[in-house]
Number of protein chains: 2
Amino acid sequence: MSVLVISPGRDPEPWVEALKKEYPGINVYAYPEEHDPEEIEYAISWKHPRGIFKHYPNLKVIASMGAGVDHIICDPEIPKNVVITRIIDDQLSVDISDFVLALVLDHIRNISFHHNLHAWESIQYKRIEEEQIGIMGLGIMGSAVAQSLLKNRFNVSGWSRTPKELPGVNTFCGEKQLEKFLNKSTILICLLPLTPETENILNKEFFKKLPKGAYIINVARGQHLVEHDLLEMIDKGHLSGASLDVFRIEPLPQEHPFWDYPKIKITPHIASITNPHKVVHQLIDNYRRMKEGTELKNTIERKLGY
Amino acid sequence: MSVLVISPGRDPEPWVEALKKEYPGINVYAYPEEHDPEEIEYAISWKHPRGIFKHYPNLKVIASMGAGVDHIICDPEIPKNVVITRIIDDQLSVDISDFVLALVLDHIRNISFHHNLHAWESIQYKRIEEEQIGIMGLGIMGSAVAQSLLKNRFNVSGWSRTPKELPGVNTFCGEKQLEKFLNKSTILICLLPLTPETENILNKEFFKKLPKGAYIINVARGQHLVEHDLLEMIDKGHLSGASLDVFRIEPLPQEHPFWDYPKIKITPHIASITNPHKVVHQLIDNYRRMKEGTELKNTIERKLGY
């Protein structure tokens, strides 16, 4: 009964070390270290090579290293009986909230704009109270971001698939209320899970429903955004710009047009980075539950995609 | 009995309009509009031409258009009997607090850094709780900035000339406690008034007392900073960078070395911009008080410089 840590392009060692410290004697392999696939029952994974898990006949659990599980679910060859879990960590929500607050304030106070001008020219700023933040996705992350922005005097509304209530937030739900929600949002923050329904949701028709001059912040997944539509709406002056932390292909290829757009601010998927030592107890708790045959925590509904 | 609005390089019209709306029938001249200097008792001023006020024999009051009065006091030819007032406006403190929060978050989450890289390379971020903000100057602005940062979970300490107490802030005062205050400050925010004692306070000896990697934010006056010392301490790697909103010469000359320093973020004195319509009642209230011979509000102590 062993654990596999698999995270191509990310160093697995901090995870192995944290696991061994939390559960001395645990048998852990760091992919691509040599190991017997039959021995593995529990995998801790970030962007695994597609199809690899079908070679693990005794695999019971795949635990995502982060809050998102789309990088697991997108692989159709994962056996149906394998349970998928995600990380739920207050620090992730805090980090993403701080990051979004930074992006929003940078936008309204035109800091990057002035910094990149390399010349003395000031433009009038809008005040916090004049903005209407629209948050899409009101799960743990969306709720935390809403609270952080409310605390800093922003007007906040939110949209989700199913009805949600959040103190201080004007909430909307479903396809029917989307237009009403978008019509007022001067800063649109995407925090949706990636599902077949939300893929490509940030498209031209969607952008047109936002008021002129609206600003887009995507800290969810690159697949939510139709890239060409964003560029077109910025070029036409309908959108004032965007801050993007996630992309369809990561790392964002050096020849991608986003790099040359002064109105697009690119960050390399840094809204929140999981600290293995802070979340290893969750992983070990579920590892124990798996061994005991009791119900796991932080599991996801594969059909819903989150 | 007339009012002169004098603000070379800034449009006086919004001020004239706001004054006339607040006090119909008031006699206002917008410099350099033709007027009889003997008629002027009340001047509303921003960076007046040096020496000009000595030609106004009946001048009683010079009201600054902003929170700072150094641009008035620095003129030695202003008669001693002229009362100087400043603007006290909650919005100014709010604006400066929002602006400082934006700069601090931009710094800790490395947003400008990544944006300017134009390449996919991420660096680890520090969390809010790991920073120790040091605010110099605990007047109205400094207190507001402290409250805003505390609300966002920052550790905040403060330094002022005379002892001050602020809830949640670890306060220090005077020359004796300066070193102790600086030793712990990882982000140093200058909000001091400009006086002979504070001019050039941000110098090499001062910077050396900060921990390695400290970051400087100056939203007070350019004369607080010894520019060469800042560049030297950044070059040596002792300071990690600076956000500067104020400069010795404004606009900052195009040939100034600051423009080419990637670790220096320049903004064109935009931390807070006074809205004439929001503060005109203060100016008119003092105008009435002057006419009635009663004590004015928001006066400054010329000897102290604030």
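The structure displayed is predicted, hence computed values, not measured ones. Residue numbering restarts at 1 for every chain, and letters A, B, ... go by the order of the sequence lines.
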If we only count heavy atoms from C-beta on, is the Leu202(B) to Leu188(B) side-chain gap below 4.5 Å?
yes

Could you list every donor-acceptor pair linking chain A to chain B (distance under 3.5 Å, backbone and side chains)?
from      : atom 1 : to        : atom 2 : distance (Å)
Asp95(A)  : O      : Arg109(B) : NH1    : 2.9
Asp95(A)  : OD1    : Arg127(B) : NE     : 2.9
Asp95(A)  : OD2    : Tyr125(B) : OH     : 2.7
Asp95(A)  : OD2    : Arg127(B) : NE     : 2.8
Asp95(A)  : OD2    : Arg127(B) : NH2    : 2.5
Asp98(A)  : OD1    : Arg153(B) : NH1    : 3.2
Asp98(A)  : OD2    : Arg153(B) : NH2    : 2.8
Arg109(A) : NH1    : Asp95(B)  : O      : 2.9
Arg109(A) : NH2    : Ile270(B) : O      : 2.9
Arg109(A) : NH2    : Ala271(B) : O      : 2.7
His115(A) : NE2    : Asn116(B) : ND2    : 3.1
Asn116(A) : ND2    : His115(B) : NE2    : 3.1
His118(A) : O      : Gln254(B) : NE2    : 3.0
His118(A) : ND1    : Trp259(B) : O      : 3.0
Tyr125(A) : OH     : Asp95(B)  : OD2    : 2.8
Tyr125(A) : OH     : Ile273(B) : N      : 2.9
Arg127(A) : NE     : Asp95(B)  : OD1    : 2.9
Arg127(A) : NE     : Asp95(B)  : OD2    : 2.8
Arg127(A) : NH2    : Asp95(B)  : OD2    : 2.5
Arg127(A) : NH2    : Ile273(B) : O      : 3.4
Lys151(A) : O      : Lys151(B) : NZ     : 3.1
Lys151(A) : NZ     : Lys151(B) : O      : 3.1
Asn152(A) : OD1    : Asn152(B) : ND2    : 2.9
Asn152(A) : ND2    : Asn152(B) : OD1    : 2.9
Arg153(A) : NH1    : Asp98(B)  : OD1    : 3.2
Arg153(A) : NH2    : Asp98(B)  : OD2    : 2.8
Gln254(A) : NE2    : His118(B) : O      : 3.0
Trp259(A) : O      : His118(B) : ND1    : 3.0
Ile270(A) : O      : Arg109(B) : NH2    : 2.9
Ala271(A) : O      : Arg109(B) : NH2    : 2.7
Ile273(A) : N      : Tyr125(B) : OH     : 2.8
Ile273(A) : O      : Arg127(B) : NH2    : 3.4

In the structure I gave you, are the side-chain heavy atoms of Ile133(B) and Val145(B) within less than 4.5 Å of one another anywhere?
no

What closest approach, in Å, do Ile111(B) and Ala102(A) show between heavy atoms, and which atom pair accounts for it?
CD1-CB, 3.5 Å

Under 4.5 Å from any heavy atom of chain B - which part of Leu117(A)
neither

For Leu101(A), which atoms come within 4.5 Å of any heavy atom of chain B: side chain, backbone, both, or neither?
both

Are Leu105(B) and Phe154(B) close enough that some pair of their side-chain heavy atoms sits under 4.5 Å apart?
yes

For a quick test of reading the model, state the closest non-hydrogen atom pair linking Val5(B) to Pro12(B) and the distance between them.
CG1-CB, 3.7 Å

Contact summary for Val16(B) and Ala30(B), nearest pair of heavy atoms
CG2-CB, 3.8 Å

Quick one: does Leu244(A)'s side chain get under 4.5 Å of Ile264(A)'s, heavy atoms only?
yes

Please look at Ile108(B) and chain A and tell me whether the side chain, the backbone, both or neither of the residue comes under 4.5 angstrom of a heavy atom of that chain.
neither

